[in-house]
Structure formats: C-alpha cells, structure tokens
Student: 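Attaching a single structure in structure tokens format; questions to follow.
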Amino acid sequence: MDDTEYGRFVDWDKMEGGGQEQKSKALNCTDFQELKQMARQGQWAKSHSLRAKVYQKLIKEIPCRTVTPDASVYRDIIGKIIGKRSASSLPLPEFVDDREIPSYCLNSEGIGAVRKIILCISNQFPDISFCPVLPSLVALLLHYSPGEAECFENVSRILACNDPSKRLVDQTFLAFESSCMTFGDLAGKYCQGPHKLMVAVSEDVLEVYSDWQRWIFGELPFAYIIRVFDVFLVEGYKVLYRVALALLKFFHKVRAGQPMESNNVKRDIQMFVRDIKKCVSPEKLLEKAFSIRLFSRKEIQLLQMANEKALQQKGITVKQKR
C-alpha cells in the first residue's frame with residue numbers, strides 16, 4: 001500500500017483500510033457533473049493516496065485571492081510563531097470558539113501539527129473573526145497531506161476562495177449566525193416533522209440549530225465526515241445543509257417516541273451524531289441527504305443574504321460574551 005507519502009500524520013490502527021490505489025478518471029476529469037457523481041458515489045474513498053491526490057487537484061482548482069499564502073510562507077513563519085515552545089502549550093485563537101481539535105485518525109505528531117497550522121492561519125488571515133470549523137478542517141486535510149506546509153497551503157486556499165457562487169467556510173460571526181438562521185428556514189420547509197419536534201421540546205430552536213455545523217465538523221465520526229468532505233470540495237457549502245437536514249431526519253426517526261427534555265436537546269443530537277454508526281451507514285446518510293429536494297444554490301444565497309441583513313439591522317455582528 002503506497003500511503004507513506006500521505007500518511008505521515010495518520011494512526012493506521014484507527015484508520016479503516018488504506019486500500020490499493022486504483023486508476024481513477026477523477027484525476028483528469030474536467031466535467032463538473034461527472035465529478036459530482038464520482039464524489040457522491042465515493043469513487044476515491046477506497047484508496048488513501050488516491051483521495052489525497054484528488055484533494056490536491058480539487059483544492060488547486062479553487063479560485064483564490066491573488067495573495068494567498070502557500071507552503072513556502074508556512075516554512076518562513078512557523079519558526080517565528082512557535083519558536084522553541086511546544087505547540088501544545090500555545091492557546092488556540094479566539095475565533096475557533098473554544099472548539100477542541102478533533103483527533104479523528106491522527107497520530108500524536110498530527111494532533112500537534114493541527115495546532116501549529118491553526119496558529120499560522122491566524123497569523124496570515126487577520127480578517128477571520130469567527131471560524132469554529134477550522135480545527136476540524138485542518139485535521140481532516142492533514143490526513144491527506146505529505147507535510148504541515150502543504151496542509152497549510154490547502155487550508156489557506158479554501159479560506160481564500162473568492163468565487164461568490166462557491167461559498168466554502170464561514171469566517172465571521174455574522175456569516176456563521178446567518179447560516180444558522182438559514183438552516184432553521186430550511187428545516188422548517190424540508191423537515192417539518194423533525195422541526196415541529198425541535199420547536200416543541202426546545203426553549204429556543206435557533207439555539208439548537210446553532211450547532212448544525214458542529215454536528216458535521218466535530219461530532220460526525222471520521223468515516224462519515226470524510227465522505228461528506230469528498231462532496232463538499234466538489235459542490236461547496238450546500239452539501240453541508242443537506243447532510244445536517246438528513247441528520248435531523250434520522251435523529252427524529254430514532255428519537256420520535258422517546259421523551260426529551262428541553263435543556264438536553266442539543267446534547268442529545270450531539271450524542272446521536274457521535275454514535276451514528278449504530279443506526280446509519282455513511283452511504284445511507286449521503287443517500288438521504290441527496291434525496292432532499294432542496295432550494296437552488298441561488299435561492300439559498302438570497303436567503304442567507306436576507307438573514308445577514310436582518311442580523312445587521314438588529315446590530316448582531318459579533319458573538320456576545322456569555
């Protein structure tokens with residue numbers, strides 16, 4: 001198995017099968033629809049090194065701001081930022097909102113590397129003010145990176161994407177909060193049963209939905225999130241809404257008859273997502289996500305903009321200190 005080049009940070013005892021690299025059209029595919037189908041079907045999920053190469057290709061094709069930091073920038077700044085200190089002693093930036101670094105299938109070198117990369121991102125992206133998914137994003141990509149500097153470059157490209165139709169990662173509290181409102185709007189329209197239950201059992205349904213990205217980037221086990229990530233790199237943000245709605249539907253199906261307490265709903269959903277393999281396979285989760293007949297990307301964008309505007313009018317643009 002030729003995974004040595006991309007497996008430096010991986011604990012292979014935790015990782016399900018590296019698999020032989022297969023020939024795949026994905027590396028030369030230029031047709032978006034075809035690529036979309038391949039990602040949804042998990043065409044590069046069987047081989048670690050093939051997935052790594054596909055990720056490189058997809059991320060290289062992201063349209064970015066002209067001055068996007070690359071691997072050489074990381075090599076230049078890492079010494080100044082970390083110095084002689086151990087990475088584990090350095091606090092993470094405030095914008096990750098106290099998120100833990102998910103270890104997934106990383107070894108101890110990998111977990112330390114995630115912290116170093118986040119600190120360098122913070123140094124190079126002063127405009128990021130709120131980005132709780134960043135630890136998960138860095139950790140996922142590190143499984144498929146030959147080194148820290150290459151991982152830093154790939155994360156930087158995702159953050160510096162400047163194609164408005166290919167929204168990737170929320171980087172301000174305003175964007176994050178409006179996407180939570182948008183998720184609530186979508187749940188009300190496409191998940192009426194689960195949504196009614198959420199409204200009935202929670203004091204503030206938006207407070208429950210404010211976790212929707214955390215269900216995906218934080219609670220979902222590695223075998224699931226990585227399949228979602230395959231599609232995310234091809235299709236962008238909309239797939240995250242789909243997957244979170246599917247999680248809500250499955251949670252409702254499993255928990256519908258059981259009593260729920262309002263102060264525990266958030267925790268109940270987190271625990272359900274964490275243990276999802278007890279009831280749903282990654283394939284079934286994606287199948288459900290893509291069977292939801294969702295708004296077009298354009299309509300979702302308009303909804304998001306309307307929610308941002310509403311928040312700005314209320315003066316909510318930064319996270320209030322609790």
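Starting from 1, each residue takes its place in the sequence as its number. The structure displayed is predicted, hence computed values, not measured ones. When reading the values below, keep in mind they use all heavy atoms of this one structure, side chains included, and skip hydrogens, waters and symmetry mates.
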Student: Are Met271 and Phe217 grouped together when hydrophobic residues (ILVMFWY) are joined by side-chain heavy atoms under 4.5 angstrom apart?
Tutor: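 In one cluster with Met271: Phe217, no.
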
Student: Given ring pair (Phe, Tyr, Trp, His ring centres under 6.0 Å), test Phe130 with Phe176 step by step and report yes or no.
Tutor: CA-CA 8 Å; Phe130 195 77; Phe176 173 85; 5.0 Å; yes

Student: Indicate yes or no for a side-chain donor-acceptor contact from Lys249 to the backbone of Tyr190 under 3.5 Å, with no hydrogens or angles considered.
Tutor: yes

Student: Does the side chain of Leu90 reach to within under 4.5 Å of the side chain of Ile81, using non-hydrogen atoms?
Tutor: no

Student: Passes side chain to side chain contact (heavy atoms under 4.5 Å, CB included), Leu134 versus Val138? Steps please.
Tutor: CA-CA 6 Å; Leu134 190 64; Val138 175; 4.1 Å; yes

Student: Within the 4.5 Å heavy-atom criterion, are Val73 and Asp70 side-chain neighbours or not?
Tutor: yes

Student: Less than 4.5 Å apart, side chain to side chain, heavy atoms only: is that true for Phe290 and Val239?
Tutor: yes

Student: Let's go through Tyr55 and Trp44 carefully: what are the C-alpha distance in whole Å and the side-chain angles of both, what is the deciding distance for side chain to side chain contact (heavy atoms under 4.5 Å, CB included) to 0.1 Å, and is it a yes or a no?
Tutor: CA-CA 10 Å; Tyr55 282 7; Trp44 47 85; 4.0 Å; yes

Student: Nearest heavy-atom pair of Leu285 and Val280: which atoms, and what distance?
Tutor: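 Distance-wise, the nearest heavy atoms are N-CG1, 3.6 Å.
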
Student: Heavy atoms, side chains only, cut-off 4.5 Å: are Val133 and Val96 in contact?
Tutor: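 Contact flag for Val133/Val96 side chains = no.
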
Student: Is a side-chain donor-acceptor pair under 3.5 Å present for Glu153 with Ser156?
Tutor: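 The criterion, which ignores hydrogens and geometry beyond distance, is not satisfied for Glu153 and Ser156.
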
Student: Considering only NZ, NE, NH1 and NH2 on the basic side and carboxylate oxygens on the acidic side, decide whether Glu235 and Arg40 come within less than 4.0 Å.
Tutor: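 Answer for the salt bridge query: yes.
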
Student: For the residue pair Gln56 and Asn154, confirm or rule out a side-chain donor-acceptor distance under 3.5 Å.
Tutor: yes

Student: Do Leu233 and Ile59 pass the side chain to side chain contact (heavy atoms under 4.5 Å, CB included) test, and can you show the C-alpha distance, the side-chain angles, and the key distance before you say yes or no?
Tutor: CA-CA 7 Å; Leu233 284 179; Ile59 293 170; 4.1 Å; yes

Student: Side-chain contact, heavy-atom cut-off 4.5 Å: Asn107 with Trp12?
Tutor: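 Asn107 does not reach Trp12 side chain to side chain.
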
Student: So His48 and Tyr6, ring pair (Phe, Tyr, Trp, His ring centres under 6.0 Å) or not? Walk me through it.
Tutor: CA-CA 8 Å; His48 189 86; Tyr6 299 103; 7.4 Å; no

Student: Looking only at heavy atoms, what is the nearest atom pair of Leu92 and Arg99, with distance?
Tutor: CD1-O, 4.0 Å

Student: Is there a donor-acceptor contact under 3.5 Å linking the side chains of Gln213 and Asp170?
Tutor: yes

Student: Hey, any chance Ile77 and Val67 share a hydrophobic cluster, counting ILVMFWY side chains that come within less than 4.5 Å of each other, even indirectly?
Tutor: no

Student: Should we count NZ of Lys309 as having more than 12 external heavy atoms under 6.0 Å?
Tutor: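 No - once you tally the heavy atoms of other residues, nucleotides and ligands closer than 6.0 Å, there are 12 at most.
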
Student: Using 4.0 Å as the upper bound for N to carboxylate O, is an ion pair formed by Glu148 and Arg75?
Tutor: no

Student: In Å, rounded to the nearest 0.5 Å, how long is the span from CG of Leu58 to CG of Asp230?
Tutor: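 Rounded to the nearest 0.5 Å, the CG-CG separation comes to 9.0 Å.
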
Student: Classify the ring geometry between Trp212 and Phe183 as parallel (under 30°), tilted (30 to 60°) or perpendicular (over 60°).
Tutor: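 Parallel.
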
Student: When hydrophobic residues are tied together by side-chain contacts of less than 4.5 Å, even through go-betweens, does Tyr144 share a cluster with Leu27?
Tutor: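 They do share one cluster, since a chain of ILVMFWY contacts under 4.5 Å joins Tyr144 to Leu27.
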
Student: Should the heavy atoms of other residues, nucleotides or ligands under 6.0 Å from CG of Asp204 be counted, would the total exceed 12?
Tutor: yes

Student: Can you see whether His195 engages Tyr209 through a side-chain donor-acceptor pair at a distance of less than 3.5 angstrom?
Tutor: yes

Student: Report the distance from atom NZ of Lys253 to atom CG of Leu248, rounding to the nearest 0.5 Å.
Tutor: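 These two atoms lie 14.0 Å from each other.
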
Student: Just how far is it from atom CH2 of Trp215 to atom CD1 of Ile276, taken to the nearest 0.5 Å?
Tutor: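 Spacing of CH2 (Trp215) from CD1 (Ile276) equals 11.0 Å.
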
Student: Does Leu106 offer a backbone N or O that forms a donor-acceptor pair with the side chain of Ser103 under 3.5 Å?
Tutor: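 No, Ser103 side chain to Leu106 backbone: no donor-acceptor pair under 3.5 Å.
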
Student: Less than 3.5 Å apart, any donor N or O on the side chain of Glu150 or Ser145 sitting next to an acceptor on the other?
Tutor: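 There is no such pair between these side chains.
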
Student: Return the CD to CZ distance between Glu61 and Arg157, rounded to the nearest 0.5 Å.
Tutor: 9.5 Å

Student: Considering residues, nucleotides and ligands other than Glu100, do more than 12 of their heavy atoms fall under 6.0 Å from its CD?
Tutor: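 Atom CD in Glu100 is not packed in, count stays at 12 or less.
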
Student: Should Val254 and Leu286 be counted in the same cluster of Ile, Leu, Val, Met, Phe, Trp and Tyr side chains packed under 4.5 Å apart?
Tutor: yes

Student: At their closest point, which heavy atom of Leu186 faces which heavy atom of Tyr241, and how far apart are they?
Tutor: CD1-CG, 3.6 Å

Student: Which atom pair, heavy atoms only, marks the closest approach of Ser129 to Thr172?
Tutor: OG-CA, 3.6 Å

Student: Would you please say whether a donor-acceptor pair under 3.5 Å links the side chains of Tyr104 and Ser136?
Tutor: yes

Student: Measuring only between side-chain heavy atoms, which start at C-beta, is Val265 closer than 4.5 Å to Met198?
Tutor: yes

Student: Short question: side chain of Lys116, backbone of Gly112 - any donor-acceptor pair under 3.5 Å?
Tutor: no

Student: In terms of side-chain heavy atoms, does Tyr237 have a donor or acceptor partner in Ser179 at a distance below 3.5 Å?
Tutor: yes

Student: Please give me the minimum heavy-atom distance between Cys180 and Ser210, naming the atom from each residue.
Tutor: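 Scanning both residues completely, I find the closest heavy atoms to be SG-CA, 3.6 Å.
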
Student: Do you know which of Phe9, Phe229, Phe222 makes ring pair (Phe, Tyr, Trp, His ring centres under 6.0 Å) with His143?
Tutor: Phe222

Student: State plainly whether one hydrophobic cluster holds both Leu303 and Met305, where clusters connect Ile, Leu, Val, Met, Phe, Trp and Tyr through side-chain heavy atoms under 4.5 angstrom apart.
Tutor: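 Unlinked, Leu303 and Met305 end up in two clusters.
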
Student: Taking the side chain as C-beta and beyond, is there a heavy-atom pair between Val243 and Tyr224 under 4.5 Å?
Tutor: no

Student: Out of curiosity, Gln41 CD to Glu283 CD, how far, rounded to the nearest 0.5 Å?
Tutor: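 It is 11.5 Å, given to the nearest 0.5 Å.
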
Student: Between Met38 and Val234, is the side chain to side chain contact (heavy atoms under 4.5 Å, CB included) condition met? List the steps.
Tutor: CA-CA 10 Å; Met38 287 182 194; Val234 176; over 6 Å; no

Student: Rounded to the nearest 0.5 Å, what separation is found between the CD atom of Glu299 and the OG1 atom of Thr182?
Tutor: 12.5 Å

Student: Please give me the minimum heavy-atom distance between Ser178 and Leu311, naming the atom from each residue.
Tutor: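 Here Ser178 and Leu311 meet closest at N-CD1, 3.5 Å.
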
Student: Kindly indicate whether the side chain of Leu294, heavy atoms from C-beta on, has any atom under 4.5 Å from the side chain of Ile300.
Tutor: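 Answer yes - side chains close enough.
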
Student: Using modelled atom types only, decide if a donor and an acceptor are shared between the side chain of Asn264 and the backbone of Arg267 within a distance under 3.5 Å.
Tutor: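 Not at all, since once roles are kept as given, no pair shorter than 3.5 Å links the two residues.
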
Student: What I want to check is whether the side chains of Asp211 and Gln270 have a donor and an acceptor closer together than 3.5 Å.
Tutor: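 The criterion, which ignores hydrogens and geometry beyond distance, is satisfied for Gln270 and Asp211.
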
